[in-house]
K.L.:
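Pasting a structure below so you can have a look.
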Amino acid sequence: MEMPKPQAEHGFLQKLVGTWEVTAKDMTGDDPWTEVVRSLHGIWFVAEGTGNMPGGGAATTVLTLGFDPAKGKYVGSWIGSMMSHMWVYEGEVSADGTTLSLYTSGPDFADPGKTGEYREQIVFADDDHRIFTSSARQADGSWNQFMEARYTRMS
């Protein structure tokens with residue numbers, strides 16, 4: 001079996017590697033989180049976030065990202081200690097190379113008995129600042145953003 005080699009598309013993910021301070025009003029309150037992103041030989045990227053939920057309680061999140069050449073898409077998953085659903089992603093990077101859009105489906109937050117469609121985006125403002133947003137697809141096909149987190153590189 002031949003070992004996979006990083007593709008040009010992995011370059012976007014390589015920019016994530018490092019330690020980040022994360023702030024988000026709805027997610028972190030006044031207590032910033034920390035996220036550490038590491039590379040598994042340039043093929044897979046693992047981001048582990050730790051912090052406290054608003055109202056108390058420690059939480060941990062794990063995001064995995066890679067690029068699947070056979071699909072021609074970015075792929076990944078997200079789990080968090082605050083929920084039991086595993087989110088599975090497929091997506092693409094924008095033509096200007098600044099935004100990774102990841103699409104998934106899972107429990108509808110507005111109607112727990114249904115499944116909703118979601119879009120998460122990682123947007124690089126520059127090498128040391130990025131924004132993560134979560135949006136839910138509306139009945140008319142538009143996206144309604146319900147969460148935004150800001151990341152600042154610490155190292």
Side-chain angles (χ1 to χ4, degrees), residues 1-24 26-28 32-51 53 58-109 114-138 141-155:
M1 182 170 137
E2 187 176 333
M3 294 290 287
K5 294 183 177 16
Q7 307 289 305
E9 291 84 356
H10 289 99
F12 181 92
L13 302 174
Q14 188 65 44
K15 296 187 305 184
L16 296 167
V17 173
T19 302
W20 300 82
E21 179 181 77
V22 186
T23 56
D26 296 337
M27 184 179 86
T28 65
W33 284 44
T34 300
E35 183 181 79
V36 177
V37 183
R38 61 190 172 95
S39 168
L40 304 180
H41 302 279
I43 300 296
W44 292 102
F45 297 81
V46 179
E48 185 168 347
T50 56
M53 297 296 292
T60 301
T61 62
V62 177
L63 170 70
T64 65
L65 291 171
F67 180 78
D68 183 338
K71 289 183 175 183
K73 293 185 179 277
Y74 288 85
V75 295
S77 64
W78 185 93
I79 56 173
S81 60
M82 69 289 289
M83 64 179 65
S84 59
H85 182 77
M86 173 188 267
W87 301 89
V88 177
Y89 298 120
E90 281 194 357
E92 71 278 333
V93 168
S94 62
D96 67 2
T98 63
T99 305
L100 173 61
S101 295
L102 298 165
Y103 301 91
T104 189
S105 60
D108 187 320
F109 298 131
K114 293 186 177 180
T115 299
E117 293 181 47
Y118 299 93
R119 179 186 68 193
E120 322 263 80
Q121 292 185 303
I122 298 171
V123 181
F124 274 94
D126 58 43
D127 288 344
D128 296 323
H129 299 90
R130 61 186 166 99
I131 301 166
F132 179 89
T133 61
S134 290
S135 301
R137 186 178 295 276
Q138 304 302 292
S142 65
W143 294 101
N144 180 44
Q145 182 179 313
F146 61 87
M147 195 278 288
E148 179 177 298
R150 297 189 172 267
Y151 294 68
T152 301
R153 187 183 300 277
M154 297 167 63
S155 64

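A quick note: this is a predicted structure, and the numbers were derived from the prediction, not measured.
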K.L.:
Using side chain to side chain contact (heavy atoms under 4.5 Å, CB included) as the criterion, point out the one residue from Val75, Leu100, Val46 that pairs with Leu65.
P.N.:
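Passing option: Leu100.
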
K.L.:
Testing the basics here: between Thr23 and Pro32, what is the closest heavy-atom pair and its distance to 0.1 Å?
P.N.:
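So the minimum-distance heavy-atom pair works out to CG2-CB, 4.0 Å.
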
K.L.:
I would like to know whether Glu117 and Ser105 meet side chain to side chain donor-acceptor pair (under 3.5 Å); could you show each step before the answer?
P.N.:
CA-CA 4 Å; Glu117 293 181 47; Ser105 60; over 6 Å; no

K.L.:
Just jot down the side chain to side chain donor-acceptor pair (under 3.5 Å) partners of Tyr89, sequence neighbours excluded, or say none.
P.N.:
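Residues passing side chain to side chain donor-acceptor pair (under 3.5 Å) with Tyr89: Glu120.
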
K.L.:
Which pair of non-hydrogen atoms, one from Tyr118 and one from Gly106, has the smallest distance, and what is that distance?
P.N.:
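Here Tyr118 and Gly106 meet closest at CE1-O, 3.9 Å.
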
K.L.:
Mind checking the CG-OG1 spacing from Asp108 to Thr115? Nearest 0.5 Å is all I need.
P.N.:
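OG1 of Thr115 is found 8.0 Å from CG of Asp108.
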
K.L.:
Sequence neighbours excluded, which residues qualify as salt bridge (Lys or Arg N to Asp or Glu O under 4.0 Å) partners of Arg38?
P.N.:
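Applying salt bridge (Lys or Arg N to Asp or Glu O under 4.0 Å) to Arg38 gives none.
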
K.L.:
I need the minimum non-hydrogen distance between Trp33 and Thr61, along with the two atoms involved.
P.N.:
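Smallest interatomic distance, heavy atoms only, reads CZ3-CG2, 3.9 Å.
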
K.L.:
Could you list the residues that satisfy salt bridge (Lys or Arg N to Asp or Glu O under 4.0 Å) with Arg119, not counting sequence neighbours?
P.N.:
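Arg119: no salt bridge (Lys or Arg N to Asp or Glu O under 4.0 Å) contacts found.
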
K.L.:
How close do Gly42 and Ser39 get, counting heavy atoms only, and between which atoms?
P.N.:
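Residues Gly42 and Ser39, closest heavy atoms: N-OG, 2.7 Å.
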
K.L.:
Test of understanding: with side chain to side chain donor-acceptor pair (under 3.5 Å), list the residues that count as partners of Thr34, not counting sequence neighbours.
P.N.:
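Listed in chain order: nothing, the list is empty.
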
K.L.:
Could you label the plane-to-plane angle of the Tyr103 and Trp143 rings as parallel, tilted or perpendicular, counting under 30° as parallel and over 60° as perpendicular?
P.N.:
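Plane angle between 30° and 60°, so tilted.
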
K.L.:
Please check this pair: side chain of Ser134 against backbone of Met147, looking for a donor-acceptor N/O pair closer than 3.5 Å.
P.N.:
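Checked: no pair found.
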
K.L.:
Measure the spacing between CD1 of Ile131 and OH of Tyr151 and express it to the nearest 0.5 Å.
P.N.:
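The CD1 atom of Ile131 sits 11.0 Å away from the OH atom of Tyr151.
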
K.L.:
Check the pair Val22, Phe132 against side chain to side chain contact (heavy atoms under 4.5 Å, CB included), reporting the backbone distance first and the verdict last.
P.N.:
CA-CA 10 Å; Val22 186; Phe132 179 89; over 6 Å; no

K.L.:
Checking His129 now: which residues fulfil ring-ring contact (aromatic ring centres under 6.0 Å, His included) with it, not counting sequence neighbours?
P.N.:
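Partners of His129 under the ring-ring contact (aromatic ring centres under 6.0 Å, His included) test: none.
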
K.L.:
Taking only residues two or more places apart in sequence or in another chain, which ones pass side chain to side chain donor-acceptor pair (under 3.5 Å) with Asp68?
P.N.:
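For Asp68, no residue satisfies side chain to side chain donor-acceptor pair (under 3.5 Å) once neighbours in sequence are set aside.
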
K.L.:
Excluding sequence neighbours, so at least two apart, what forms ring-ring contact (aromatic ring centres under 6.0 Å, His included) with Phe12?
P.N.:
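Phe12 satisfies ring-ring contact (aromatic ring centres under 6.0 Å, His included) with Phe124 once adjacent residues are dropped.
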
K.L.:
Tell me whether the count of non-hydrogen atoms from other residues, nucleotides or ligands lying under 6.0 Å of CZ in Arg153 goes above 12.
P.N.:
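Enclosed.
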
K.L.:
Can you list the residues that meet the side-chain contact (heavy atoms from CB on, under 4.5 Å) rule with Ser142, with sequence neighbours excluded?
P.N.:
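Counting only residues at least two positions away or on another chain, Ser142 forms a side-chain contact (heavy atoms from CB on, under 4.5 Å) with Gln138, Asp140.
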
K.L.:
According to the side chain to side chain donor-acceptor pair (under 3.5 Å) rule, which pairs have a member within residues 73-85, sequence neighbours left out?
P.N.:
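Only Thr64-Ser77 qualify under side chain to side chain donor-acceptor pair (under 3.5 Å).
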
K.L.:
For Pro4, what residues pass the side-chain contact (heavy atoms from CB on, under 4.5 Å) criterion, not counting sequence neighbours?
P.N.:
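Result, side-chain contact (heavy atoms from CB on, under 4.5 Å) vs Pro4: Ile43.
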
K.L.:
With a 4.5 Å cut-off on side-chain heavy atoms, are Arg130 and Leu16 touching?
P.N.:
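Sidechains of Arg130 and Leu16: in contact.
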
K.L.:
Any side-chain heavy atom of Leu63 within less than 4.5 Å of one from Trp87?
P.N.:
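Of all side-chain heavy-atom pairs linking Trp87 with Leu63, none is under 4.5 Å.
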
K.L.:
Compare every heavy atom of Pro69 with every heavy atom of Phe67, then report the nearest pair and how far apart it is.
P.N.:
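Shortest heavy-atom contact: O-CD, 3.2 Å.
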
K.L.:
For Thr104 versus Val88, what's the shortest heavy-atom pair and its separation?
P.N.:
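What the structure gives for the nearest pair is OG1-O, 2.8 Å.
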
K.L.:
If you define the side chain from C-beta out and look only at heavy atoms, does anything of Thr133 sit under 4.5 Å from Val123?
P.N.:
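A side-chain contact under 4.5 Å is absent here.
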
K.L.:
Tell me, please, which residues at least two apart from Gln14 pass side chain to side chain donor-acceptor pair (under 3.5 Å).
P.N.:
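None.
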
K.L.:
Working to the nearest 0.5 Å, report the span between NZ of Lys15 and CG of Asp126.
P.N.:
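If I round to the nearest 0.5 Å, the distance is 10.0 Å.
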
K.L.:
Just by distance, do the side chain of Gln7 and the backbone of Lys5 share a donor-acceptor pair under 3.5 Å?
P.N.:
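Here the side-chain-to-backbone pair exists.
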
K.L.:
Which pairs, with at least one residue in residues 89-101 and sequence neighbours excluded, count as a salt bridge (charged side-chain N to carboxylate O under 4.0 Å, His left out)?
P.N.:
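Output for this query lists Lys71-Glu90.
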
